Amino acid sequence: MENIKLKEKIGYGLGDAASSMFWKLFGVYLLFYYTDVVGLPAAAIGTMFLITRIWDTFLDPIVGLMADRTDTRWGKFRPYILWMAVPFGLCGILTFSVPELNQTQGLIYAYVTYTLMMMVYSFINVPYASLLGVISADPKVRTELSSYRMVFAFAGSILVLFLIEPLVAFFGKIKGDGILVDQALGWQMALVFFAAIATFFFLCTFAWTKERIRPMKEESNRFKDDLMDLVCNKPWWILLGAGVAALVFNSMRDGSTIFYFKYYVKDVEAFKFGFIDASVSLTSIYLVLGQAANIIGILFVTPVANKIGRKKTYFVAMVLASIFSVVFYFIDANNILLVMALQVLISICAGSIFPLLWAMYADIADFSEWKTGRRATGLIFSSSSMSQKLGWTIGGALTGWLLAYFGFKSNVQQTEMAQNGIRMMMSFFPAIGALLSAVFISLYSLSEVKLEGITRELNEKRNQIIKDAQ
């Protein structure tokens, strides 16, 4: 097993902490921000999510192709992390800075800033994801790095979920009667805080990581050849489907959570921060518990996957997540303990699959190089980002549309139909996504034994090329 220093593992993990801070803010709070803070219609925002994210989803492979053809003294992928770190933070601030405009103007502003945010996200996250394929060729090291990445990702999410409400209250200057003076300002300044942290984390990733794996052939491949290799890669299609379905599952639960607690549970304060006159709600406790449980899933997944295999581990986790999600529908609003317990169980299952997904994408890059003689790490890993965004797109759009379909109106008492719809968006609808993900992964064909042989053959070819060059 190749020796990668702890500092580099941490540096790699910090990159996903940065990405996940914004990912979680967008997934959990952006729909709520647009509807309940800015006052935009839920259906219009659902459509906006679909249009902007679909375009951006197909930008990811282009970024992957560009990164594969980048050649600097820092490598192929690390330069993008350096170049995009500051724009990443600035676009996040702009997204949560909708000025006081009429509804049409506000929607146009949302379209423009969110589109820019997602484009910058592509230009930094696709190269970041691709780093996993070039830091080490050892599958076990990749699984370990992927686990570090996921731990830091969920740690970043916990930081956001735990602090966002107190920060919004603090910067929005909460009154003694509990009413925010300027909620919009609170959100904007909270994003300034998180953007500064995310930018710093990405700069650490750039400085502390190293690209070691070089393709066997250094000549420039044609875009058409790389794309055809990808289209003909059956394991890639299967993993893409599994990833999209898993993200639909996650994004629907995330996007519905704040509405579930505000309008069904009738959220109350869990505890207060007296020194800044702000509180943490049950919503935050629920979400933070979920992220902590995700980390537990990550810690368990490596030994389990080493024993029974990645494919079987993934399949069992998604089937269990689907079952637990269905049970979630039948919980009474007053049974908070059971709500939290099921959130932990579902999140352990959900957290365990993502290290497996990232490690499998690295395996697919090796499989493609072994099969074709050409390596397209950036393009392969862009598909992982693409699956995230496509799943996020479908889940986010469905959340907005379903809210409108069930008759949701912001900041008023919801009808029984709307409350029931919100409950279904936390249970039955995500369960379908989890089950579809399990079906896709059952078709995955790259076993551990087959991958060991592929890795061995690739290493032999690379060593021979080095000897021939000497």
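Just so it is clear, the structure is predicted and the values come from calculations on it, not from any experiment. Hydrogens, waters and symmetry mates play no part in the numbers below; they use all other heavy atoms, side chains included.
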_Check this for me, if you would: do Lys76 and Asp71 make a salt bridge, where the nitrogen-to-carboxylate-oxygen distance has to be below 4.0 angstrom?_
no

*Trace of the side-chain contact (heavy atoms from CB on, under 4.5 Å) decision for Phe154 with Ser20*: CA-CA 7 Å; Phe154 291 123; Ser20 294; over 6 Å; no

*Least distance between heavy atoms, Tyr33 atom then Thr95 atom*: CE2-O, 4.0 Å

*Check Trp187, Phe32, Phe22, Tyr29 against Phe96 for a ring-ring contact (aromatic ring centres under 6.0 Å, His included) and give me the one that passes.*
Trp187

*Given the side-chain rings of Tyr128 and Phe77, with only the six-membered ring counted for Trp, is the space between their centroids under 6.0 Å?*
no

*Going through the checks in order, is the side-chain contact (heavy atoms from CB on, under 4.5 Å) test met by Leu116 and Leu94?*
CA-CA 9 Å; Leu116 285 173; Leu94 289 174; 5.6 Å; no

*At their closest point, which heavy atom of Ala438 faces which heavy atom of Met318, and how far apart are they?*
CB-CB, 3.8 Å

*Quick one: are Leu203 and Leu82 in side-chain contact, heavy atoms under 4.5 Å?*
yes

*Please round to the nearest 0.5 Å and tell me the distance separating atom CG of Leu390 and atom CG of Leu240.*
7.0 Å

*asked:* For a 4.5 angstrom cut-off between non-hydrogen side-chain atoms, does Arg212 reach Ile4?
replied: yes

_Option passing ring-ring contact (aromatic ring centres under 6.0 Å, His included) with Tyr329 (candidates Phe428, Tyr260, Phe324)_ = Phe428

*asked:* Under the side-chain contact (heavy atoms from CB on, under 4.5 Å) test against Ile348, which residue among Ile298, Leu299, Ile296 passes?
replied: Ile296

*Does any N or O in the side chain of Lys311 come within less than 3.5 Å of the main-chain N or O of Tyr444, such that one atom is a donor and the other an acceptor?*
yes

*Rounded to the nearest 0.5 Å, what's the gap from OG on Ser284 to CD1 on Ile164? Could you check?*
9.0 Å

_Interatomic spacing from NZ in Lys262 to CG in Leu282 - rounded to 0.5 Å_ = 15.0 Å

*Is there side-chain contact between Phe193 and Leu163, with at least one heavy-atom pair below 4.5 Å?*
yes

*Would you call Glu144 and Arg149 a salt bridge, taking side-chain N to carboxylate O under 4.0 Å as the test?*
no

*Whether Phe88 and Phe202 hold their rings parallel, tilted or perpendicular, with breakpoints at 30° and 60°*: perpendicular

*Side chains of Ser325 and Ser427: donor-acceptor distance under 3.5 Å anywhere?*
no

*Show your working on side-chain contact (heavy atoms from CB on, under 4.5 Å) between Phe194 and Leu167 and close with a plain yes or no.*
CA-CA 10 Å; Phe194 289 121; Leu167 286 173; 3.7 Å; yes

*For Ile323, enumerate each residue passing the side chain to side chain contact (heavy atoms under 4.5 Å, CB included) test, keeping only those at least two apart in sequence or located in another chain.*
Val319

*Is the gap between the ring centers of Tyr12 and Phe152 under 6.0 Å?*
no

_Heavy-atom check, side chain of Leu31 versus side chain of Thr399, under 4.5 Å_ = yes

*With a 6.0 Å cut-off on ring centres, are Trp236 and Phe367 close enough?*
no

*Taking atom types as modelled, find out whether Thr209 and Glu8 have a side-chain donor-acceptor pair closer than 3.5 angstrom.*
no

_Stepwise side-chain hydrogen bond (donor to acceptor under 3.5 Å, both in side chains) check, Tyr314 with Ser437_ = CA-CA 9 Å; Tyr314 188 111; Ser437 188; 2.7 Å; yes

*Shortest non-hydrogen separation from Leu131 to Arg78 and the atoms involved*: CD2-CG, 3.8 Å

_Any side-chain heavy-atom pair of Phe206 and Trp74 under 4.5 Å_ = yes

*Could you go through the side-chain hydrogen bond (donor to acceptor under 3.5 Å, both in side chains) check for Thr302 and Ser147 one step at a time?*
CA-CA 8 Å; Thr302 299; Ser147 294; 3.2 Å; yes

*Flag the pair Val327 / Leu342 as yes when at least one side-chain heavy-atom distance between them is below 4.5 Å, and no otherwise.*
yes

*Take Phe123 and Met66, measure what side-chain contact (heavy atoms from CB on, under 4.5 Å) needs, and give me the verdict at the end.*
CA-CA 10 Å; Phe123 273 98; Met66 290 172 59; 3.9 Å; yes

*Would you say the side chain of Ser281 lies within less than 4.5 Å of the side chain of Phe261, judging by non-hydrogen atoms?*
no

*What distance separates Ile394 CD1 from Leu50 CG, expressed to the nearest 0.5 Å?*
8.5 Å

_Minimal non-hydrogen separation, Cys349 against Leu320, with atom names_ = SG-CB, 3.7 Å

_So which atom in Phe440 and which in Ile238 form the shortest heavy-atom distance, rounded to 0.1 Å?_
O-CG2, 3.0 Å

*Would you indicate whether the side-chain heavy atoms of Lys24 and Leu161 approach each other to under 4.5 Å?*
yes

*Could you tell me which residues satisfy side chain to side chain donor-acceptor pair (under 3.5 Å) with Thr115, sequence neighbours excluded, listed by chain and number?*
none

*Is the backbone N or O of Gly297 less than 3.5 Å from a side-chain atom of Ser352, with the two atoms forming a donor-acceptor pair by type?*
no

*May I ask you to check whether Ser347 and Gln291 show a side-chain donor-acceptor distance below 3.5 Å?*
no

*Atom CD1 in Ile81, atom CG in Leu14: separation rounded to 0.5 Å?*
11.0 Å

*Grab the two heavy atoms, one from Arg253 and one from Tyr286, that are nearest each other, plus how far apart they are.*
NH2-OH, 2.9 Å

*Which distance, rounded to the nearest 0.5 Å, do you find between the OG1 of Thr393 and the CD1 of Ile51?*
11.5 Å

*Please find out if less than 6.0 Å separates the ring center of Phe49 from that of Tyr114.*
yes

